[in-house]
> 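Take a look at the following structure, please.
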Amino acid sequence: MTKEEFEVLQLDLQHSGKSVKDYLQESGVNYSTYNYWRKKLLAKDNPKPELAPISFTQSADPMFTGAMPSGATLLFPNGLRAHFGSGTESVLMELLTKSFVAHVLPE
């Protein structure tokens with residue numbers, strides 16, 4: 001099946017008023033083939049945003065003078081820094097969880 005054939009199939013299915021299962025059986029199209037093309041074209045229309053890499057290091061940062069701060073600092077690719085002091089782990093975890101959920105689409 002080609003992309004064009006799938007698009008025609010999709011239009012015919014919509015105009016038929018039948019369920020996907022019934023239409024595919026009558027058309028002789030395997031459901032796995034239909035689902036493959038549906039997901040492939042859906043992914044093309046809605047590409048997943050790429051996540052920035054995350055790395056964990058312990059090193060002295062020239063930005064800080066004196067004692068090393070406790071907590072965690074997130075460094076973003078655009079240069080933004082977000083520091084979460086000791087005791088704010090729950091806030092950081094909530095932020096990261098919400099951020100990752102937005103980038104992971106259910107299958």
Side-chain angles (χ1 to χ4, degrees):
M1 178 174 286
T2 65
K3 176 185 171 190
E4 291 77 21
E5 290 171 332
F6 176 79
E7 289 171 342
V8 169
L9 179 85
Q10 192 72 349
L11 285 174
D12 289 345
L13 169 62
Q14 290 172 356
H15 289 92
S16 73
K18 299 177 183 175
S19 70
V20 173
K21 181 181 176 182
D22 290 341
Y23 181 80
L24 294 177
Q25 283 179 341
E26 289 177 13
S27 302
V29 176
N30 192 325
Y31 180 75
S32 61
T33 301
Y34 171 81
N35 204 35
Y36 166 81
W37 280 99
R38 184 183 63 80
K39 285 185 176 183
K40 183 174 181 170
L41 295 179
L42 180 66
K44 213 177 223 185
D45 293 339
N46 301 311
K48 289 183 182 178
E50 292 190 29
L51 292 174
I54 297 176
S55 63
F56 297 93
T57 59
Q58 288 185 332
S59 62
D61 189 327
M63 177 180 155
F64 298 106
T65 57
M68 190 68 162
S70 61
T73 302
L74 299 178
L75 306 174
F76 296 91
N78 65 357
L80 178 70
R81 293 174 183 262
H83 181 75
F84 294 84
S86 182
T88 61
E89 292 85 1
S90 61
V91 174
L92 177 58
M93 286 306 298
E94 183 179 346
L95 174 68
L96 291 173
T97 301
K98 287 180 180 179
S99 296
F100 291 141
V101 168
H103 292 287
V104 178
L105 301 176
E107 293 288 326

> Just verifying a value: how many Å separate Gln10 CD and Trp37 CH2, rounded to the nearest 0.5 Å?
12.5 Å

> Tell me the closest heavy-atom pair linking Lys18 and Asp22, and the distance in Å.
CB-CB, 4.5 Å

> Would Val29 end up clustered with Leu41 when hydrophobic side chains under 4.5 Å apart are linked, directly or stepwise?
yes

> Would you call the rings of Tyr34 and Phe6 parallel, tilted or perpendicular if under 30° counts as parallel and over 60° as perpendicular?
tilted

> Should Tyr31 and Tyr36 be regarded as members of a common hydrophobic cluster, given that ILVMFWY residues are connected when their side-chain heavy atoms come within less than 4.5 Å of each other, either directly or indirectly?
yes

> For Tyr23, which residues count as a side chain to side chain donor-acceptor pair (under 3.5 Å) partner, sequence neighbours excluded?
none

> What is the distance from atom CG of Leu9 to atom CD of Gln14, rounded to the nearest 0.5 Å?
10.0 Å

> Nearest 0.5 Å, please: how far is OG in Ser19 from CG in Leu13?
8.5 Å

